[in-house]
Number of protein chains: 2
Amino acid sequence: MGISKTTFFNDTQNHLATLCKALGHPARIAIIQYLLSVENCICGDIVNELPLAQPTISQHLKELKNANLIKGNIEGNAICYCINEQTIQYLAEYFNHTSQLLAKKKATCC
Amino acid sequence: MGISKTTFFNDTQNHLATLCKALGHPARIAIIQYLLSVENCICGDIVNELPLAQPTISQHLKELKNANLIKGNIEGNAICYCINEQTIQYLAEYFNHTSQLLAKKKATCC
DNA sequence: ATTATTAATCGTAATATTGCGATATTAAAA
DNA sequence: TTTTAATATCGCAATATTACGATTAATAAT
């Protein structure tokens with residue numbers, strides 16, 4: 001049916017899935033990496049940096065913003081986008097935690 | 001067009017996007033969490049645990065396996081699935097690294 | 001050998017995503 | 001005020017994803 005049964009999963013699971021899904025496209029990973037590498041983060045710069053048309057970039061930015069992975073500030077008639085540090089930290093903590101649990105867990109199989 | 005322009009991005013970006021995409025569904029997050037919580041990890045148990053039909057679970061498992069997030073061992077006529085520790089660790093390291101770079105970086109905007 | 005059990009695959013319908021040209025919106029600049 | 005510049009939104013085509021019933025494949029149990 002193409003529709004996710006999000007109702008059957010808990011908030012943490014849905015939240016994590018939303019974050020991962022938002023990062024589940026190379027262009028959006030590239031945007032995050034670009035934002036990490038520059039001081040000034042104007043949308044137009046991203047359009048120049050990536051091999052995608054302006055409406056496409058705008059759409060990807062919207063998805064990253066919806067997932068709370070970036071935030072945008074209006075600067076004149078441009079928009080300054082930045083990574084939301086807290087969200088990245090949340091992901092770092094989740095995967096750290098998972099990784100540590102796995103290390104502790106005795107490999108009973110595989 | 002619905003097709004990702006993966007050719008234009010580098011291997012790291014494509015790899016990360018593939019991993020995140022595979023985790024970008026609550027059912028697949030739930031599967032990872034379930035595998036983390038049990039010692040014995042038989043496919044049938046996942047089917048009983050999650051509110052999805054057996055073919056759907058099988059499909060989700062396939063995607064996790066393709067992304068190298070889990071591995072499966074044949075045990076008689078059942079299949080024992082386990083989390084691939086290395087892949088989770090790779091994600092943990094990536095988000096840690098990103099998080100640390102963000103902490104260092106002076107917030108010039110936003 | 002036959003029957004159950006377990007999991008993968010096929011086929012298909014419903015929905016979502018990706019990408020971009022065209023257009024709208026908003027604010028700066030002239 | 002008109003023009004220019006920067007982004008967002010609309011609309012659409014191509015493709016991908018999600019879900020599951022039906023079936024298949026493979027092993028275990030009887």
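Below, read A as the first sequence line, B as the second, and so on, with proteins coming before strands; counting in each chain starts at 1.
- Formation of a donor-acceptor pair under 3.5 Å by the A:Asn14 side chain with backbone atoms of A:Phe9 is found in this model.
- Between atom OH of residue B:Tyr94 and atom CD1 of residue A:Ile29 there is a gap of 5.5 Å, rounded to the nearest 0.5 Å.
- Atom-to-atom, CG of B:Asn73 to P of C:dT6 comes out at 18 Å; the value is rounded to the nearest Å.
- Residue A:Phe9 contributes atom CZ, which lies 11 Å from atom C1' of D:dA19 at whole-angstrom precision.
- If you measure from atom NE2 of B:His60 to atom C1' of C:dA7, you get 15 Å, rounded to the nearest angstrom.
- Of the candidates C:dA8, D:dT17, D:dA19, D:dT17 carries the atom nearest the B:Lys21 side chain, counting heavy atoms from C-beta on.
- When all heavy atoms of A:Leu23 and A:Leu91 are compared, the closest pair comes out as CD1-CD1, 3.7 Å.
- In this structure, the CG atom of B:Asn66 is 14 Å from the C1' atom of C:dT9, given to the nearest Å.
- Screening B:Leu101, B:Thr98, B:Asn96 for a side-chain contact (heavy atoms from CB on, under 4.5 Å) involving A:Ile88 leaves a single residue, B:Thr98.
- The side chain of B:Leu52 approaches D:dC20 more closely than any other nucleotide in the set D:dA8, D:dC20, D:dT17.
- An OP1 or OP2 oxygen of D:dA8 is reached within less than 4.0 angstrom by a side-chain nitrogen or oxygen of A:Tyr81.
- The aromatic rings of B:Tyr90 and B:His15 sit tilted, their planes meeting at an angle between 30° and 60°.
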Show the numbers, then the answer: is there a side-chain contact (heavy atoms from CB on, under 4.5 Å) between A:Asp45 and A:Tyr34?
CA-CA 9 Å; A:Asp45 298 344; A:Tyr34 179 73; 3.2 Å; yes
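- The distance between atom CD of A:Glu63 and atom P of D:dA8, rounded to the nearest whole Å, is 13 Å.
- Summarising the geometry, atom SG belonging to A:Cys20 is positioned 9.5 Å from atom CG belonging to A:Leu69; distances are rounded to the nearest 0.5 Å.
- A:Ile57 comes within 4.0 angstrom of no nucleic acid atom, judged by non-hydrogen atoms across all strands.
- In this structure, A:Thr56 does not reach the C:dG19 phosphate: none of its side-chain N or O atoms is under 4.0 Å from OP1 or OP2.
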Could you go over nucleotides 23-29 of chain D and give all protein N or O partners under 3.5 Å, atom names and distances?
unit_1: D:dT27; atom_1: O2; unit_2: B:Asn77; atom_2: ND2; d: 3.4

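- Here the nucleotide nearest the side chain of A:Pro55, chosen from C:dC20, C:dA7, C:dG19, is C:dC20.
- Whole-Å rounding puts the B:Ile29 CD1 to D:dT18 P distance at 12 Å.
- At C:dG19, one or more side-chain N or O atoms of A:His25 fall inside 4.0 Å of OP1 or OP2 (strictly under the cut-off).
- In this structure, A:Phe8 atom CZ and D:dT18 atom P are separated by 16 Å, rounded to whole Å.
- Residue contacts shown for B:Gln59 include a base, since a base heavy atom lies under 4.0 Å away.
- The nearest whole Å value for the distance from the CG atom in A:Leu61 to the C1' atom in C:dG19 is 14 Å.
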